[in-house]
Structure formats: C-alpha cells, structure tokens
Amino acid sequence: MTEQPLDLLAIAAHPDDAELTCGGTLARAAGQGHRTGILDLTRGEMASRGTPELRAEEADRAAAALGVAVRVNAGLPDARLENSLEARRIVVGHLRDLAPATVILPYPRGRHPDHRAASELARDACFLAGLREYEGGPGRRPTKILYAMAYREDAVKPTFVVPLTEEQFQRKVEAVRCYASQFEGATAAGEIFPTGQPLIERVETASRHYGSLIRAPHGEPFHADETMRVSDVTRLGVRSL
C-alpha cells in the first residue's frame, strides 16, 4: 500500500462522472473528517470537446473543490472500457494502494457502455482485491459497495439519500464548473438527459428533488444491494406523516 487508507472512494468511468453523481457526498464526507478519493478509470480521451490533458487539469481543480485527498487515473481506454482480466488487474492494484473502506460505483444500468462496464469491472475488482493469492496479494477488500443513482430514469427506489447543505451542494457545483471544456453552455452530460435547462440548473433540479424526499435542501441518492440494518427503530429519520 502506497497511500494512507481511504474512508470513501468513488470509482468512475470518466473524469467529471464522480462530480455529477456523488460530488456532494464526497464534499460532505471530507467535511466530516473522512479521507476521500476518486479513481477515474479512463482519461476521457474520446470526448468531443477539450483534450485529455486539459481534462486532467480540470479534474485536479474539481478534486480540490470537493476536498478530495487523492485522485488517480487508471489509464484504461475511453469508449472501450471492458471488464477484462487486464483491466481487473489494474483496478485491483489501485484498490490495494488506496485501501478504501467504502466505495461508490456507477449504477449498473446506463446509456453509456463505459458506465455499465465500469460498474461491473469495479465490483469484480473489489472482490478480487481481497484474495491473498490474486496477483501476489495482499488481500485487501472494501467493506461496503454503494451505487450512485443520480439522474436515473428507472423506477428503482434509492436505498437511502445523503442530505446536503446548501454549502455542500455549492461545492459540487463548483467542482462541475471546473470542467468548462466539457460543460460550458451544455444542457446535457453523461447520464443527464436533455431537458432544455442549462446543465447546472438540471443538476440543481435533481439535487433538490432528492433532498425533498428526506426533508433536506439537497440530496444525492444511492442504492445498496444488501438489506440495511437498523438498530433503533425509534430514531429513524424522516417523518412518515
């Protein structure tokens, strides 16, 4: 392990994906004193706007805006991302270096093939990272896997929503705005479908919607495969009536 262990790591197909789907949660976690990180699987070299070099600079500025402690890029091929033996080996190496306790992955369904591939690839790599005999070890596996659900059009209900303050949401917006080469004047990006709104307005619409579900100014939705454990049913948040 070459890095201090992370409390929370977001794994994304492209630079800017993590900012859009879970940037507020990363900012909130950093503000709570957690050590956070982002692992971008590709450099986004197939983007129609900007260059990989410029996007890398934007990614560094966005990470700073969110208070992210470490950001690394796996260098896998954009628009050709596959859950291959070699890709898993590379991602396992990063997971063992970063040693995150919790990881956030893209939702398994999505318009962009890279997002679907990233979700499967990262989940498999999380498992393999715990096998001591895989690639010479050491066995080191995250404790929890979460899936970011922002901007989804499926009928899947989030397992939970992370509340964001106005300040935390503005940190997310600041991070998204760092990608001027991608988003300046944009009305759609990634999994965010066109609505005629400027992109930042669309981000705010989704954020306020999910926040309203938990009586908070803003929110980001997540799915977990496992059933959530509740130790005290008398202290559950969000009023029913």
Side-chain angles (χ1 to χ4, degrees), residues 9-23 25-26 37-56 58-59 62-63 71-95 98 100 103-129 142 145-159 172 175-176 178-179 181-184 186-195 199 202-203 206 220-225:
L9 173 68
I11 301 179
H14 316 101
D16 71 41
D17 286 349
E19 287 82 354
L20 286 165
T21 60
C22 61
T25 298
L26 289 169
I38 299 174
L39 170 59
D40 300 308
L41 297 181
T42 77
R43 299 169 65 225
E45 64 270 20
M46 291 295 168
S48 301
R49 305 171 67 178
T51 64
E53 293 75 20
L54 177 55
R55 203 162 178 182
E58 294 171 333
R71 184 169 205 157
V72 293
N73 196 295
L76 297 172
D78 186 17
R80 300 182 299 278
L81 197 57
E82 293 182 323
N83 184 12
S84 64
L85 291 173
E86 177 62 13
R88 288 196 293 270
R89 184 189 66 78
I90 290 170
V91 177
V92 165
H94 287 296
L95 286 168
L98 300 170
V103 298
I104 298 174
L105 306 184
Y107 194 68
R109 292 178 59 189
R111 292 172 59 241
H112 198 310
D114 277 358
H115 295 173
R116 299 193 299 271
S119 185
E120 182 182 83
L121 164 60
R123 182 178 176 86
D124 287 355
C126 285
F127 178 83
L128 294 173
I145 294 175
L146 306 174
Y147 295 95
M149 291 188 64
Y151 319 110
R152 303 234 38 92
E153 289 199 343
D154 337 74
V156 178
K157 189 176 182 69
T159 306
K172 171 176 179 163
V176 172
C178 287
Y179 293 94
S181 71
Q182 304 299 309
F183 299 144
E184 191 167 8
T187 57
E191 297 301 317
I192 305 179
F193 291 81
T195 62
L199 177 63
R202 176 69 181 95
V203 171
E220 288 180 336
F222 294 89
H223 172 77
D225 285 340

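If you read the sequence from its start, that first residue is 1, and numbering goes on from there.
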Nearest-0.5 Å distance, CG of residue Leu146 to CG of residue Asp225: 10.0 Å
Under 3.5 Å donor-acceptor, Glu45 side chain and Thr51 backbone: no
Distance-only donor-acceptor check, side chains Arg152 and Tyr147, under 3.5 Å: no
Donor-acceptor contact present, side-chain Arg55 to main-chain Gly44, <3.5 Å: yes
Beyond-backbone contact of Asn73 with His94, side-chain heavy atoms, under 4.5 angstrom: no
Distance in Å, Leu128 CG paired with Leu95 CG, rounded so as to fall on 0.5 Å steps: 9.5 Å
Side chains of Glu120 and Asn83, donor plus acceptor under 3.5 Å: yes
Check: Gly110 main-chain N/O paired with Arg116 side-chain donor or acceptor under 3.5 Å: yes
Parallel, tilted or perpendicular: rings of Tyr107 and His223 (30°, 60°): perpendicular
Side-chain heavy atoms of Asp17 within contact of Pro106, under 4.5 Å: no
Nearest heavy atoms of Ala47 and Gln182, plus distance in Å: CB-OE1, 3.5 Å
Val72 vs Asp40 side-chain heavy atoms within contact, under 4.5 Å: no
Shortest non-hydrogen contact from Ala59 toward Tyr179: CA-OH, 3.2 Å
Under 3.5 Å donor-acceptor, Tyr151 side chain and Val203 backbone: no
Donor-acceptor pair, side chain of Glu19 and main chain of Val176, under 3.5 angstrom: no
Flag, side chain of Lys172 to backbone of Cys22, donor-acceptor distance under 3.5 Å: no
N/O donor-acceptor pair under 3.5 Å between Ser119 side chain and Leu105 backbone: no
4.5 Å side-chain heavy-atom contact, Leu41 and Ile11: yes
Nearest heavy atoms of Ala79 and Met46, plus distance in Å: CB-CG, 3.7 Å
Rounded distance [0.5 Å steps], CG in Leu98 versus CD1 in Ile38: 11.5 Å
Distance, nearest 0.5 Å, that separates CZ of Arg43 from CG of Asp78: 10.0 Å
Shortest non-hydrogen separation from Leu26 to Gly37 and the atoms involved: CD2-O, 4.2 Å
Side-chain donor or acceptor of Glu58 paired with backbone N/O of Ser181 under 3.5 Å: yes
Closest non-hydrogen atom pair, Arg80 against Asp114: N-OD1, 3.7 Å
Minimum heavy-atom distance Ile104-Thr25, with the two atoms named: CD1-CG2, 4.3 Å
Arg49 atom CZ, neighbour heavy-atom count above 12 within 6.0 Å: yes
Qualifying residue for side-chain contact (heavy atoms from CB on, under 4.5 Å) with Cys126, from Val92, Leu9, Val103, Val91: Val103
Interatomic spacing from CZ in Arg88 to CZ in Arg123 - rounded to 0.5 Å: 14.0 Å
Side chain to side chain donor-acceptor pair (under 3.5 Å) evaluation trace for Glu220 with Thr21: CA-CA 7 Å; Glu220 288 180 336; Thr21 60; over 6 Å; no
Thr159 (side chain) donor-acceptor with Ala224 (main chain) under 3.5 angstrom: yes
